[in-house]
Amino acid sequence: MTPHRKNGLDQLKSIARQAMIERGLQPDFSPAALVELNTLTQPARESGPEIQDLRGLLWASIDNDDSRDLDQLSVAEGAADGATRILVAVADVDSLVKRGSALDEHARNNTTSVYTAAEIFPMLPERLSTDLTSLGQEQERLSIVIEMTISAAGTIVDSQIYRSRVVNRAKLAYRSVAAWLEGKGPAPEPLASVSGLDANLRLQDRVAQTLKQVRHARGSLSLQTVEPRAVVSDGVLTDLQTEAKNRAEELIEEFMIAANGVVARYFEHKGVPSIRRILRTPERWERIVTLAAHRGGHLPATADARALNTFLTLQRDADPVGFPDLSLSVIKLLGAGEYALEVPGKPIQGHFGLAVRDYTHSTAPNRRFPDVIGQRMLKAALAGTALPYSESDLQALAAHCTDQEGNAAKVERQVSKSAAAQLLAPRIGQRFEAIVTGASDKGTWVRTLQPPAEGRVIRGFEGLDVGDRLHVQLIHTDVARGFIDFARA
């Protein structure tokens with residue numbers, strides 16, 4: 001390994017840490033938090049009639065290949081009339097991370113784990129998030145279980161929420177499970193070694209695909225963006241790669257959306273205030289209408305998620321290469337999701353992108369602080385004890401979590417741009433196939449197809465428009481600022 005390449009990753013780490021600080025995010029845990037961490041030496045242990053023993057079920061996790069902060073498990077059971085019970089177990093983080101503790105204060109400040117190409121800044125220390133509060137394979141853990149009875153038609157006809165002890169029987173990864181589900185690969189070893197798990201996962205997959213069909217028929221938006229993932233080998237950045245969403249990821253996505261809806265409705269039924277995850281009806285709908293018209297589509301004058309999704313589906317089939325850039329344009333016009341206080345009995349703003357009225361974040365407490373807040377409220381509601389947060393507390397926390405989520409996204413984007421600039425720096429003068437992703441008075445932007453990197457066309461941009469294919473020549477990079485400059489070839 002040459003010193004230059006080694007220093008490159010160090011440069012990205014420095015950029016990431018500085019970006020964290022500039023955005024009000026703490027890259028390191030405080031001394032007080034580390035002292036607390038040293039007192040936590042084993043997973044939480046609780047017992048009582050309110051905690052069910054579900055350790056014997058065929059629980060399994062499916063996540064990224066390298067993920068160790070496992071937040072949820074799932075399992076399926078047959079039910080009457082062709083229905084299926086889907087159980088989602090969520091890690092009980094609150095049992096070890098107490099409200100007001102130094103560890104909790106760090107999580108409350110950052111509100112999310114920040115994933116950059118150079119370094120991961122976990123919301124909770126790795127001893128917790130990847131061990132003591134993670135639903136690791138063959139480890140007994142406390143959890144919150146969201147149980148849903150789903151009809152053959154894909155509707156939730158009954159649900160329950162309760163505390164439980166669980167054991168993850170198999171730690172699985174998206175790519176290998178998807179290949180197996182699609183008949184393109186063998187059963188992954190952890191799956192094959194657990195009797196009955198293969199049939200259980202196929203049942204889960206069938207239910208998830210039915211949920212997906214129902215959701216999209218309702219108007220949930222089919223969007224696809226290019227999100228390059230840094231490939232690091234032996235401490236060196238070697239490539240940027242993208243991966244399309246696969247069938248195993250869809251399985252988890254559908255169950256999490258359904259479970260989060262169940263939790264939101266439980267809070268409303270119990271008269272408990274909560275933090276909802278919302279995406280408002282877009283204020284810039286007329287721009288989306290114009291965008292669709294430029295591509296030969298027609299949308300109604302009033303915001304309509306179902307009509308928009310029909311247009312997007314047609315565009316994806318007609319132009320799969322350009323669809324991620326259309327998706328990104330639509331996402332920008334839709335606006336950002338946010339966290340908001342929900343008070344039972346008052347009007348509720350739903351999630352336009354998912355086409356649902358009831359939605360919260362509750363299934364990733366190792367990675368997101370809103371989920372920890374919801375978990376504490378949920379445990380209090382289940383036990384009938386005093387609520388840990390008032391409405392004013394929740395209102396302030398919702399705004400703070402929205403702000404910090406935005407800051408975390410800016411850090412991740414900044415480091416991603418710097419990583420792309422660093423990867424391309426030795427290739428000055430080379431030509432790349434590209435697609436125009438932006439064209440306005442502010443400049444013309446393209447994304448190279450391989451590696452997937454975005455930069456500005458500073459020479460020869462006249463006459464270019466979004467969606468045009470062309471070849472560009474790399475003429476300059478600036479790693480510190482994440483700039484990549486091209487000329488039209």
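The figures here come from the full heavy-atom set of this structure, side chains too, leaving out hydrogens, waters and symmetry mates.
Under the 3.5 Å distance criterion, with hydrogens and angles disregarded, no donor-acceptor pair is assigned to the side chains of D371 and S362.
Screening residues 276-294 for side-chain hydrogen bond (donor to acceptor under 3.5 Å, both in side chains), with sequence neighbours left out, gives R276-D358, R277-E405, R280-E338. Residue pairs satisfying the side-chain hydrogen bond (donor to acceptor under 3.5 Å, both in side chains) criterion with at least one member in residues 312-322, sequence neighbours excluded, are listed as follows: D319-R469. Pairs engaging residues 98-131 under the ring pair (Phe, Tyr, Trp, His ring centres under 6.0 Å) rule: F29-H106 [sequence neighbours left out]. Screening residues 319-376 for ring pair (Phe, Tyr, Trp, His ring centres under 6.0 Å) gives Y339-H361, H351-Y359, Y359-H361 as the qualifying pairs, with residues at least two apart or on separate chains.
Qualifying side-chain hydrogen bond (donor to acceptor under 3.5 Å, both in side chains) partners for D28, counting only residues two or more places apart in sequence or in other chains: R17. Not counting sequence neighbours, the partners of E227 by the side-chain hydrogen bond (donor to acceptor under 3.5 Å, both in side chains) test are T225. In this structure, R202 has no side-chain hydrogen bond (donor to acceptor under 3.5 Å, both in side chains) partners at least two apart in sequence or on a different chain. Not a single side-chain hydrogen bond (donor to acceptor under 3.5 Å, both in side chains) links S418 to another residue, sequence neighbours left out. With sequence neighbours left out, the side-chain contact (heavy atoms from CB on, under 4.5 Å) criterion links T385 to A380, A383. For D66, the side-chain contact (heavy atoms from CB on, under 4.5 Å) partners at least two apart in sequence or on another chain are N64. Residues that satisfy the side-chain contact (heavy atoms from CB on, under 4.5 Å) test with H400, not counting sequence neighbours, are R108, T111, Q404. Under the side-chain contact (heavy atoms from CB on, under 4.5 Å) criterion, Q375 pairs with V90, D92, V93, D94, I144, P365, K379, not counting sequence neighbours.
Closest heavy-atom contact between S134 and S129: CB-O, 3.2 Å.
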Could you go through the side chain to side chain donor-acceptor pair (under 3.5 Å) check for Q209 and Q213 one step at a time? CA-CA 6 Å; Q209 288 300 309; Q213 292 170 9; 5.4 Å; no
Check the pair N109, E105 against side chain to side chain donor-acceptor pair (under 3.5 Å), reporting the backbone distance first and the verdict last. CA-CA 6 Å; N109 179 80; E105 284 303 305; over 6 Å; no
N309/S222 under side chain to side chain donor-acceptor pair (under 3.5 Å): CA gap, chis, key distance, verdict: CA-CA 6 Å; N309 190 57; S222 303; 3.0 Å; yes
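Ion pairing of E268 with R357 is present here, as a side-chain N (NZ or NE/NH1/NH2) and a carboxylate O approach within less than 4.0 Å. A salt bridge does not link K98 to D104: none of the charged nitrogens lies less than 4.0 Å from a carboxylate oxygen. A salt bridge is defined here as a Lys NZ or Arg NE, NH1 or NH2 lying under 4.0 Å from an Asp or Glu carboxylate O, and E253 with K245 meets this definition. The pair K212-E250 meets the salt-bridge criterion, since a charged nitrogen lies less than 4.0 angstrom from a carboxylate oxygen.
Under a 3.5 Å cut-off, the side chain of T133 and the backbone N or O of L128 do form a donor-acceptor pair.
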